[in-house]
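From a predicted model like this one, the values you see are computed outputs, not experimental measurements.
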Amino acid sequence: MKENGWSLPSPWRDAHVAVVVPTYNEAGNLGELTERIFALGLPNLRLVIVDDDSPDGTGALADDLAKRFNGDHPDRMVVLHRTVKEGIGRAHIAGMQEALGRGDTYVVQMDGDLSHRPEYIPHLLGTILAAEAGVVIGSRYVVGGSLSTDWGWHRRLLSRFAGLYVNTILNLSIRDPTGGFKIWQRDVLLGIDLDAIRSDGYSFQVEMNHRCKRLGHSIVEMPIHFEERNTGSSKISFAVQLESMITPFALRFGRPPH
């Protein structure tokens, strides 16, 4: 898939798109990420940063970047500051609700560590428009998708097992059900009822897919190359892993995960 120098034709490129990026200690990545997102040539793209009171100054850096990029385009970049670290799922929901409240038509969710290439965003938008899907997932495991060579065999095995585990219990028929690089239709997010989401950590991705499928919306996967994070360290704790194990059962049998 060609990633650079690719743009959508009008009127597709003029769609109102919000890109939601939760951050915690991503000061080493945020500047480059922001530059690359705003270089995509999508005139109605909004960037929503949701920072969980990062001790490394990510929130302050985000404010400085917003002042710069909002100079001739007010609210092009929005920064939400949360005083409590509640998990990436809560951060995504806060960002999505901000985007919906501002009237954006499509909402992209992605990580802030540059493991998700911003240059795929026009491809995600083009795919959801062409397929009229409820959500498009940037997938590591469909034909054409790939993982960084820096991923060791244990991480690859764990990721594959997580997908098999989720699909066995919930029958989602998604090759990358835990993937976090997605684009959603506004109406689908409104139908899902974000206030009802119970998952705090990375199992948020699974719960959102499950709710989308139960509502009868189509889920499309698009191949991406998944990079190793640029700088910083992973935030996956034991509690997050435990929630990820419990959530599929809770969803399958109709009980909240905690």
Side-chain angles (χ1 to χ4, degrees), residues 8 11-24 33-34 37-38 40 42-52 59 62-63 65-66 69-70 73-84 86-112 116 118 120-129 131-138 179-220 222:
L8 291 168
W12 286 13
R13 67 187 296 272
D14 302 317
H16 288 261
V17 181
V19 180
V20 174
V21 182
T23 58
Y24 185 76
L33 178 68
T34 302
I37 285 175
F38 286 130
L40 294 175
L42 299 175
N44 294 314
L45 181 147
R46 187 193 321 278
L47 175 58
V48 180
I49 300 296
V50 187
D51 187 66
D52 277 359
D63 287 336
L65 290 166
F69 284 102
N70 289 340
H73 195 314
D75 298 326
R76 189 183 190 197
M77 182 171 176
V78 177
V79 183
L80 304 183
H81 295 277
R82 305 197 316 151
T83 58
V84 178
E86 298 176 308
I88 194 169
R90 297 292 108 191
H92 270 303
I93 289 171
M96 288 174 166
Q97 289 175 327
E98 179 73 16
L100 294 175
R102 291 177 177 272
D104 294 310
T105 309
Y106 300 95
V107 179
V108 173
Q109 55 175 119
M110 66 185 298
D111 292 344
H116 298 147
Y120 283 120
I121 291 172
H123 295 271
L124 288 168
L125 178 59
T127 301
I128 201 168
L129 284 163
E132 298 183 350
V135 60
V136 175
I137 301 171
F181 194 10
K182 302 175 180 176
I183 185 168
W184 294 88
Q185 293 237 23
R186 172 187 180 85
D187 290 345
V188 174
L189 291 178
L190 292 172
I192 282 175
D193 184 9
L194 295 173
D195 287 329
I197 297 293
R198 302 300 301 273
S199 303
D200 297 330
Y202 287 89
S203 58
F204 165 81
Q205 311 295 356
V206 174
E207 183 172 356
M208 290 288 286
N209 292 336
H210 176 68
R211 287 176 178 264
C212 181
K213 185 172 182 178
R214 287 187 64 182
L215 289 171
H217 298 294
S218 61
I219 299 174
V220 172
M222 183 197 85

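- By the 4.5 Å heavy-atom criterion applied to side chains, Ile183 and Met222 are not counted as neighbours.
- Between atom CD1 of residue Ile219 and atom NZ of residue Lys182 there is a gap of 8.0 Å, rounded to the nearest 0.5 Å.
- Pairs passing the side chain to side chain donor-acceptor pair (under 3.5 Å) check and including a residue from residues 183-193, sequence neighbours excluded, read Gln109-Trp184.
- At least one donor-acceptor pair closer than 3.5 Å links the side chain of Arg211 to the backbone N or O of Ala196.
- Remark: side-chain polar atoms of Arg76 are not paired, donor with acceptor, to backbone N or O of Ala66 under 3.5 angstrom.
- Inter-residue side-chain proximity for Tyr106 and Leu124 is flagged as unmet; no heavy-atom pair is nearer than 4.5 Å.
- Residues Asn209 and Ile137 have side chains in contact (heavy-atom distance under 4.5 Å, counting atoms from C-beta outward).
- Counting all heavy atoms, side chain and backbone alike, Val21 lies closest to Gly112 at CG1-CA, 3.5 Å.
- Atom-to-atom distance recorded for Leu215:CG and Ile192:CD1 is 6.5 Å, nearest 0.5 angstrom.
- A search for side chain to side chain contact (heavy atoms under 4.5 Å, CB included) contacts involving Asp63 returns Val79, His81, not counting sequence neighbours.
- Note that CD of Gln205 and CD1 of Ile88 are 7.0 Å apart. Values are rounded to the nearest 0.5 Å.
- When all heavy atoms are compared, the tightest approach of Ala62 to Ile49 is CB-CG2, 4.2 Å.
- Looking only at side-chain heavy atoms (C-beta outward), Asp195 and Gln97 come within less than 4.5 Å of each other.
- For Glu207 (side chain) and Ile197 (main-chain N/O), no donor-acceptor pair under 3.5 Å exists by modelled atom type.
- Annotation: side chain to side chain contact (heavy atoms under 4.5 Å, CB included) contacts of Asp51 (sequence neighbours excluded): Thr23, Ser54, Thr58.
- In this structure, CG in Leu47 is found 4.5 Å from CD1 in Ile37, a value given to the nearest 0.5 Å.
- Looking at Leu125 and Arg13, their side chains never come closer than 4.5 Å, going by heavy atoms from C-beta outward.
- Side chains of Pro118 and Leu33 form a contact here, defined as non-hydrogen atoms less than 4.5 Å apart.
- With sequence neighbours left out, Glu98 forms a side chain to side chain contact (heavy atoms under 4.5 Å, CB included) with Val48, Val78, Leu80, Arg102.
- Distance check, rounded to the nearest 0.5 Å: CG of Asn44 to OG1 of Thr105 gives 9.0 Å.
- The main-chain N or O of Asp75 is found under 3.5 Å from a side-chain atom of Arg46 such that the two form a donor-acceptor pair.
- A distance-only check finds no donor-acceptor pair linking the side chain of Asp104 to the backbone of His16 [under 3.5 Å].
- Looking at every heavy atom in both residues, Cys212 comes nearest to Val188 through SG-CG1, 4.1 Å.
- At a threshold of 4.5 Å between non-hydrogen side-chain atoms, the residues His92 and Val20 count as touching.
- With rounding to the nearest 0.5 angstrom, the OG atom of Ser218 is 12.0 Å from the NZ atom of Lys213.
- Shown here are the side chain to side chain contact (heavy atoms under 4.5 Å, CB included) partners of Leu65, two or more places apart in sequence or in another chain: Leu30, Thr34, Leu61, Arg68, Phe69, Met77.
- Closest approach of Ser199 and Arg90 over heavy atoms only: O-NH2, 3.3 Å.
- Listed by chain and number, the residues in a ring pair (Phe, Tyr, Trp, His ring centres under 6.0 Å) with Phe181 are His116 (sequence neighbours excluded).
- Closest approach of Val50 and Gly95 over heavy atoms only: CG2-CA, 3.7 Å.
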